[in-house]
Number of protein chains: 2
Amino acid sequence: MKRRNTKNSQEVLEILQKEEAAVSHEKIMAQLEGVDRATIYRILNRFHEDGKVHKIVGDDGKQYFALCLNCGESKHVHNHFHFRCVQCNEVVCLDKEISLQMPEGYIAENFNGVISGVCKKCNS
Amino acid sequence: MKRRNTKNSQEVLEILQKEEAAVSHEKIMAQLEGVDRATIYRILNRFHEDGKVHKIVGDDGKQYFALCLNCGESKHVHNHFHFRCVQCNEVVCLDKEISLQMPEGYIAENFNGVISGVCKKCNS
DNA sequence: TCTTTAAATGCAACTATGTCGCAATAAATG
DNA sequence: CATTTATTGCGACATAGTTGCATTTAAAGA
Ligand SMILES: [Mn+2]
Ligand SMILES: [Mn+2]
Ligand SMILES: [Zn+2]
Ligand SMILES: [Zn+2]
């Protein structure tokens, strides 16, 4: 299925590029008035299918999306934690890559590590 | 707020004790026909407030509850990953405790690490 | 044991997040 | 410009979880 370059998907991409944190659907909605809810979800899911973004599920149960920066086309890993601030709701990457030994017979497909708490800004 | 020892909360506790995996609301519902949805949620949340159980949020966005075993009353840590099988939906603890250095100024309050994939049973 | 108190429950309504079907719109290609 | 089909808007739907309120019931006391 060939992708088309639409105003909406461009704008969502720009938002993702501008933000260095991982972005929620809600936050994108707020910056794109007039664009339908479902459309934004579809754009984000398309990006994810295409390997353009990571999808993180927070410990609030919500989805957050972040541009893939260090991911090659073939190997696509983001074994790092994210920090979610319970006050300002920012979700940032914690750079350190985690290597985790799986028990015999278990096949890991997705890594989803989230630490929540209070971020530097909100703390000080 | 003093807790009361009711048939329902006893039964939920028994289910949590019997299962070694982390349990979803859905799974408890299935084993306790006749008990209201909301009641089960409330019991689980009470257990969590009281520090009896861990609450894990899966990368499916759902909540899973597991009895606290190695948690003291005061120090209450469960810095370990959970593995969620995308086929059988079991959520098990991966024993190894993770120690993670927080960046300067960040206060960690909750650890939520989930690896999803295919478990040993479903794999073989 | 009877009475009192408030925690726990059932039920319905509600919120929130995300998905889907379908007709209308609009990129891309020639 | 005409054709094709990916994308969109809209409404409906699904699922997970929460909340208000009247009723029930565990627990403490008389
Ligand atoms: Mn990636
Ligand atoms: Mn614990
Ligand atoms: Zn913050
Ligand atoms: Zn399995």
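Side chains included, hydrogens not; waters and symmetry mates left out as well; all remaining heavy atoms used. Residue numbers start from 1 in every chain, and the chains themselves are labelled A, B, ... in the order their sequence lines are given, proteins ahead of strands.
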Could you tell me how far apart [X] ([atom1]) and [N] ([atom2]) are, to the nearest whole angstrom?
{"X": "A/Glu11", "N": "D/dT7", "atom1": "CD", "atom2": "P", "value": "16 Å"}
{"X": "A/His48", "N": "C/dG18", "atom1": "NE2", "atom2": "P", "value": "13 Å"}
{"X": "B/Arg46", "N": "D/dG17", "atom1": "CZ", "atom2": "P", "value": "17 Å"}
{"X": "B/Met29", "N": "C/dG10", "atom1": "CE", "atom2": "P", "value": "10 Å"}
{"X": "B/Ile43", "N": "C/dA7", "atom1": "CD1", "atom2": "P", "value": "16 Å"}

**OP:** Identify whether the distance between the nearest side-chain nitrogen and carboxylate oxygen of A/Glu14 and A/Lys18 falls below 4.0 Å.
**Re:** no
**OP:** State whether A/Glu49 and A/Arg3 are salt-bridged, where the test is any N-O pair (Lys NZ or Arg NE/NH1/NH2 against Asp/Glu carboxylate O) under 4.0 Å.
**Re:**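 Yes.
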Original post:
When you check every protein heavy atom under 4.0 Å of nucleotides 19-30 of chain C, what one-letter string (B, S, -) results, 5' to 3'?
Top reply: BBB----BBS--
**OP:** Mind checking the CD-SG spacing from A/Glu90 to A/Cys122? Nearest 0.5 Å is all I need.
**Re:**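 These two atoms lie 8.5 Å from each other.
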**OP:** On DNA chain D, check which nucleotide each of B/Tyr64 and A/Val35 is closest to and give me the residue with the more 5' one.
**Re:** A/Val35
Original post:
Taking only residues two or more places apart in sequence, or in another chain, which ones meet B/Lys120 in a salt bridge (Lys or Arg N to Asp or Glu O under 4.0 Å)?
Top reply: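 Here no residue qualifies.
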**OP:** Please write out which residues are connected to B/Leu94 in a hydrophobic cluster, directly or through intermediates, given that two of Ile, Leu, Val, Met, Phe, Trp, Tyr count as joined at side-chain heavy-atom separations below 4.5 angstrom.
**Re:**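 Reading the cluster by chain and number, B/Leu94 sits alongside A/Phe81, A/Phe83, A/Val92, A/Leu94, A/Ile98, A/Leu100, A/Met102, A/Tyr106, A/Phe111, A/Ile115, B/Phe81, B/Phe83, B/Val92, B/Ile98, B/Leu100, B/Met102, B/Tyr106, B/Phe111, B/Ile115.
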**OP:** Would you tell me if any nitrogen or oxygen in the side chain of A/Asn8 comes within less than 4.0 Å of OP1 or OP2 on D/dT8?
**Re:** yes
Original post:
Within the distance-only criterion (no hydrogens, no angle test), does the side chain of A/Asn112 pair as donor or acceptor with the backbone N or O of A/Val57 below 3.5 angstrom?
Top reply: yes
